[in-house]
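Computed from heavy atoms alone, side chains included, the values below leave out hydrogens, waters and symmetry copies. FYI, the numbering just counts along the sequence from 1.
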Amino acid sequence: MKERKMTMIDVLNNWMLQSSQNFNIIVGITVFIYAISIGTLFLIMRKFGRSDERTEAINLKIVSTMFTTQIIMNALFISWVDSHIDFFRQVFILFQGITFLVGAIYALKLYKDDFR
């Protein structure tokens, strides 16, 4: 019988299984990432101004970066997460939060480059 390698996702899953406090920490971190990222995206979009050709191009760049990140994170999720993992939804939602974080970071970079 082939022995299975332990991945970081397995370590995270085992850590979440140890106690409900560990599970709540992951959920809290995920909610924090989502809130900060979505808030940052909203504020940066307001600072770019009214919708016109320039802001539409910027929005398209940000969404394109987030979509590329989403594809990469889904590929990592599919390749790293086994079917018997207990908290696969939490890991998936964490990966989605990372996607929004990448979008927020890229929006900040574009804002810094555009308004300097």
Side-chain angles (χ1 to χ4, degrees):
M1 192 163 174
K2 193 175 184 180
E3 189 172 320
R4 196 173 147 266
K5 289 193 307 185
M6 190 95 161
T7 63
M8 283 301 292
I9 301 300
D10 292 325
V11 171
L12 182 64
N13 185 56
N14 291 338
W15 183 74
M16 282 191 287
L17 284 171
Q18 287 177 359
S19 75
S20 61
Q21 183 178 5
N22 292 350
F23 175 80
N24 290 336
I25 289 171
I26 292 297
V27 170
I29 289 171
T30 302
V31 168
F32 180 75
I33 289 172
Y34 264 117
I36 295 299
S37 300
I38 290 172
T40 302
L41 282 170
F42 179 73
L43 290 174
I44 293 298
M45 290 303 149
R46 286 191 51 187
K47 286 188 176 201
F48 279 139
R50 292 185 193 160
S51 183
D52 59 6
E53 293 84 20
R54 180 187 62 85
T55 58
E56 290 299 322
I58 291 170
N59 290 341
L60 186 60
K61 286 179 185 178
I62 293 168
V63 170
S64 175
T65 301
M66 289 175 67
F67 181 72
T68 303
T69 305
Q70 180 72 43
I71 297 293
I72 292 168
M73 295 307 264
N74 284 344
L76 291 174
F77 181 79
I78 290 168
S79 63
W80 286 354
V81 176
D82 283 339
S83 60
H84 66 276
I85 193 167
D86 294 320
F87 293 121
F88 72 96
R89 287 182 187 95
Q90 282 70 29
V91 175
F92 185 73
I93 292 170
L94 179 64
F95 281 3
Q96 305 313 310
I98 292 170
T99 299
F100 277 95
L101 181 64
V102 168
I105 291 169
Y106 189 63
L108 285 170
K109 178 195 171 300
L110 289 176
Y111 179 75
K112 184 179 135 192
D113 292 346
D114 201 31
F115 289 100
R116 275 207 171 178

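- Scanning for ring-ring contact (aromatic ring centres under 6.0 Å, His included) contacts around F100 gives Y34, with sequence neighbours left out.
- The cluster map of Ile, Leu, Val, Met, Phe, Trp and Tyr, joined by side-chain heavy atoms under 4.5 Å apart, puts Y106 and L43 in different clusters.
- In this structure the side chain of F42 never reaches within 4.5 angstrom of the side chain of M45, judged on heavy atoms.
- Here CG of L94 is found 10.0 Å from CD of Q90. Values are rounded to the nearest 0.5 Å.
- A distance of 4.5 Å separates CH2 of W15 from CD1 of I26, quoted to the nearest 0.5 Å.
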Using a 3.5 Å cut-off and no angle test, enumerate the donor-acceptor pairs between side-chain atoms of residues 62-71 and protein atoms at least two apart in sequence or in another chain.
unit_1, atom_1, unit_2, atom_2, d
T65, OG1, K61, O, 2.9
T68, OG1, S64, O, 2.9
T69, OG1, T65, O, 2.8
Q70, NE2, N74, OD1, 3.2
Q70, NE2, Q96, OE1, 2.5

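- To the nearest 0.5 angstrom, I58 atom CD1 is 8.5 Å from D52 atom CG.
- From L108, atom CG reaches atom CG of L41 across 8.0 Å, with rounding to the nearest 0.5 Å.
- The only member of I36, T30, I29, V31 that meets side chain to side chain contact (heavy atoms under 4.5 Å, CB included) when paired with I33 is I29.
- Contacts of F32 classified as ring-ring contact (aromatic ring centres under 6.0 Å, His included), with partners at least two apart in sequence or in another chain: none.
- Of all non-hydrogen atoms in S37 and A104, the two that sit nearest each other are O-CB, 3.7 Å.
- Counting heavy atoms from C-beta outward, M16 and L12 have side chains that approach closer than 4.5 Å.
- Proximity of a side-chain donor or acceptor of R50 to a complementary backbone N or O of T55 within less than 3.5 Å is not detected.
- In this structure, the separation between CG on N13 and CZ on F23 is 10.5 Å, given to the nearest 0.5 Å.
- With contacts defined as side-chain heavy-atom distances shorter than 4.5 Å, the pair E56/L60 does not qualify.
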